[in-house]
Protein chains: 2
Amino acid sequence: MATKTEIRRQELRDKLIIIAERTIAQKGLSALRARDLANEAGCAVGAIYNVFGDLTDLTLAVNARTFHRLGADVAEALADAPEDPVEQLVVMAQAYHRFAADNHLSWRALFDVERAPGEAAPDWYLAEMGRLFTYISDPLAVIFPDRDGEDLALLTRALFSSVHGIVLLGLDEASAGVSTENIDRMIALVLRQFARNPK
Amino acid sequence: MATKTEIRRQELRDKLIIIAERTIAQKGLSALRARDLANEAGCAVGAIYNVFGDLTDLTLAVNARTFHRLGADVAEALADAPEDPVEQLVVMAQAYHRFAADNHLSWRALFDVERAPGEAAPDWYLAEMGRLFTYISDPLAVIFPDRDGEDLALLTRALFSSVHGIVLLGLDEASAGVSTENIDRMIALVLRQFARNPK
DNA sequence: CGTATCATTGAACTACGTTCATTGCTGAGA
DNA sequence: TCTCAGCAATGAACGTAGTTCAATGATACG
């Protein structure tokens with residue numbers, strides 16, 4: 001039974017996610033404020049806590065959407081990529097880079113959200129991460145046909161982490177950021193060199 | 001002239017840095033509190049602001065020391081490394097990994113400190129970063145003798161960022177962290193593969 | 001020694017996230 | 001339709017931060 005209360009609850013939940021998403025995208029995670037949120041949503045501050053346990057829960061809901069968009073962008077890039085597995089890796093990594101650059105503050109929020117120590121990442125995060133890893137390990141399995149599953153998993157993680165690091169430090173303008181073209185060049189350098197001459 | 005006031009000022013400054021360093025190392029940057037700090041230092045909260053502009057300034061002073069220790073560890077590893085330039089890269093990267101693992105919270109504070117948007121990183125940060133980059137680019141110049149300076153700078157940055165990414169995600173236990181041995185394996189994989197068969 | 005100057009103090013101020021006693025709706029049963 | 005038990009919504013209040021500043025105390029120089 002969808003009571004009037006439950007409908008309103010769901011509507012408020014959606015509205016809060018939309019507003020938080022916009023705030024994070026425009027001003028960053030640190031600009032997310034309970035009172036501003038309530039003002040914009042036209043509700044009382046307390047109402048937020050009827051729908052989300054705390055602001056971190058709301059941030060995680062936004063992050064789930066962000067991560068999903070990121071995964072979709074990478075998947076789309078992969079769909080349009082050439083057959084060559086190395087080029088597939090390059091295209092996906094550059095799609096990752098483009099997403100991070102175009103959605104910088106939202107992308108940062110994926111990693112800046114406070115996580116209670118000792119608590120595992122939420123399921124959707126691990127699932128989405130698993131999807132990304134599959135996109136990477138499939139071409140890798142073609143490039144390195146002799147490696148076993150454990151090796152491929154390690155390679156996959158290593159390459160993802162490398163690309164992530166290049167994008168993370170490259171986009172950090174505080175430490176003299178790198179131009180978009182040079183970030184793409186670094187990504188291509190590392191990936192092409194890495195996939196060269198497999199044994 | 002070193003007046004009594006200036007001496008006390010310097011002593012308080014040093015004492016605050018020591019306390020903040022211990023707090024960050026043991027409980028993380030988020031546990032750094034002005035009132036606790038004043039309690040431990042035996043001064044008033046306001047005194048902190050006579051010596052540091054705000055808590056971020058204090059954190060930056062701690063970070064400068066942390067970064068310096070990090071650079072020293074990497075330099076020491078390089079001094080003990082074999083002649084082979086590829087192995088030098090591996091040894092340095094694993095020293096970076098070890099430092100991050102052994103000083104996890106202090107190392108995290110290097111990147112978690114709030115930086116005012118649009119403001120450049122402090123000089124000591126850029127200088128220490130430059131030192132690290134030199135350690136990397138020297139072996140790289142041996143491995144890739146035909147690359148010009150700009151190329152080497154890009155390679156240097158790419159490799160540093162890659163290793164940083166591997167360590168960063170590997171040590172993040174929230175997203176199913178990686179064992180110490182596997183992090184070292186990933187580092188060695190990426191670096192050895194990268195330096196293989198240069199053209 | 002006196003006193004103008006500057007350091008030191010900690011209560012107060014601001015800005016948060018979060019809670020909870022109160023208020024007001026909702027909807028199932030009479 | 002009417003009632004009212006229970007639940008949702010409210011926003012003032014609470015706790016905890018960083019930071020400030022008027023009042024106080026020490027300093028150092030003539």
Side-chain angles (χ1 to χ4, degrees), chain A residues 1-21 23-24 26-63 105 109 112-117 119, chain B residues 1-17 19-24 26-63 105 109 112-117 119:
Chain A
M1 59 167 177
T3 72
K4 198 181 271 187
T5 298
E6 279 171 22
I7 290 172
R8 210 170 24 193
R9 196 184 164 86
Q10 185 62 45
E11 280 174 354
L12 179 59
R13 191 186 154 85
D14 292 347
K15 198 193 284 186
L16 287 173
I17 290 177
I18 298 291
I19 295 170
E21 195 166 36
T23 303
I24 290 173
Q26 290 176 354
K27 305 187 201 163
L29 179 56
S30 63
L32 197 66
R33 246 137 236 157
R35 285 168 181 79
D36 295 351
L37 218 46
N39 261 340
E40 282 199 66
C43 70
V45 282
I48 297 170
Y49 294 86
N50 291 333
V51 176
F52 292 100
D54 55 25
L55 288 192
T56 297
D57 280 357
L58 171 55
T59 302
L60 287 176
V62 172
N63 280 355
L105 294 175
D112 288 346
V113 60
E114 310 212 27
R115 287 162 299 170
E119 188 165 354
Chain B
M1 59 166 178
T3 72
K4 198 180 272 186
T5 298
E6 279 170 22
I7 290 171
R8 211 169 24 195
R9 197 184 163 85
Q10 186 61 45
E11 282 174 352
L12 179 59
R13 192 186 152 85
D14 292 346
K15 197 193 285 188
L16 287 173
I17 291 177
I19 295 170
E21 195 166 35
R22 199 184 55 227
T23 303
I24 290 173
Q26 291 177 353
K27 305 188 202 164
L29 180 56
S30 63
L32 196 67
R33 247 140 233 153
R35 285 168 180 79
D36 295 350
L37 218 45
N39 261 339
E40 282 199 66
C43 70
V45 281
I48 298 171
Y49 295 87
N50 292 332
V51 176
F52 293 100
D54 55 23
L55 288 192
T56 296
D57 281 356
L58 172 55
T59 302
L60 287 176
V62 172
N63 280 354
L105 293 175
D112 288 345
V113 61
E114 311 212 26
R115 286 161 300 173
E119 187 167 355

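On a predicted model such as this, the values are computed, not experimentally measured, just so you know. Naming: A, B, ... by sequence-line order, numbering from 1 per chain.
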Going by atom type alone, with no hydrogens or angles, which donor-acceptor pairs under 3.5 Å involve a side-chain atom of residues 26-48 of chain B and a protein atom two or more places apart or on another chain?
| unit_1 | atom_1 | unit_2 | atom_2 | d |
| --- | --- | --- | --- | --- |
| B:Arg33 | NH2 | B:Ser30 | O | 3.2 |
| B:Glu40 | OE1 | B:Arg22 | NH2 | 2.4 |

CD1-CG distance between B:Ile17 and B:Asn63, expressed to the nearest 0.5 angstrom: 11.0 Å

Nearest-Å distance for atom pair CZ/C1', residues B:Phe52 and D:dT20: 18 Å

Nearest-Å distance for atom pair CD1/P, residues A:Ile48 and D:dA8: 17 Å

Interface with DNA chain C, restricted to residues 28-36 of chain B and to heavy atoms under 4.0 Å: B:Arg35

Listing time: all N or O pairs from protein to nucleotides 7-10 of chain C that are below 3.5 Å?
| unit_1 | atom_1 | unit_2 | atom_2 | d |
| --- | --- | --- | --- | --- |
| C:dT8 | OP1 | B:Arg8 | NE | 3.4 |
| C:dT9 | OP2 | B:Ala44 | N | 3.3 |

Closest contact, heavy atoms only, A:Val62 versus A:Ile24: CG1-CD1, 4.0 Å

Spacing of CG belonging to A:Asp14 relative to CD belonging to A:Glu21, to within rounding of 0.5 Å: 11.0 Å

Taking every non-hydrogen atom, the tightest pair across A:Asp54 and A:Tyr49: CA-CE2, 3.8 Å

Rounded interatomic separation in angstrom, taking OH from A:Tyr49 and P from C:dT18: 4 Å

Length of the line joining B:Asn39:CG and D:dA17:P, which is rounded to integer Å: 12 Å

Atom-pair distance (CG on B:Asp54; C1' on D:dT20), nearest Å: 13 Å

Approximate separation, where rounding is to 0.5 Å, of A:Arg13 CZ and A:Asn50 CG: 13.0 Å

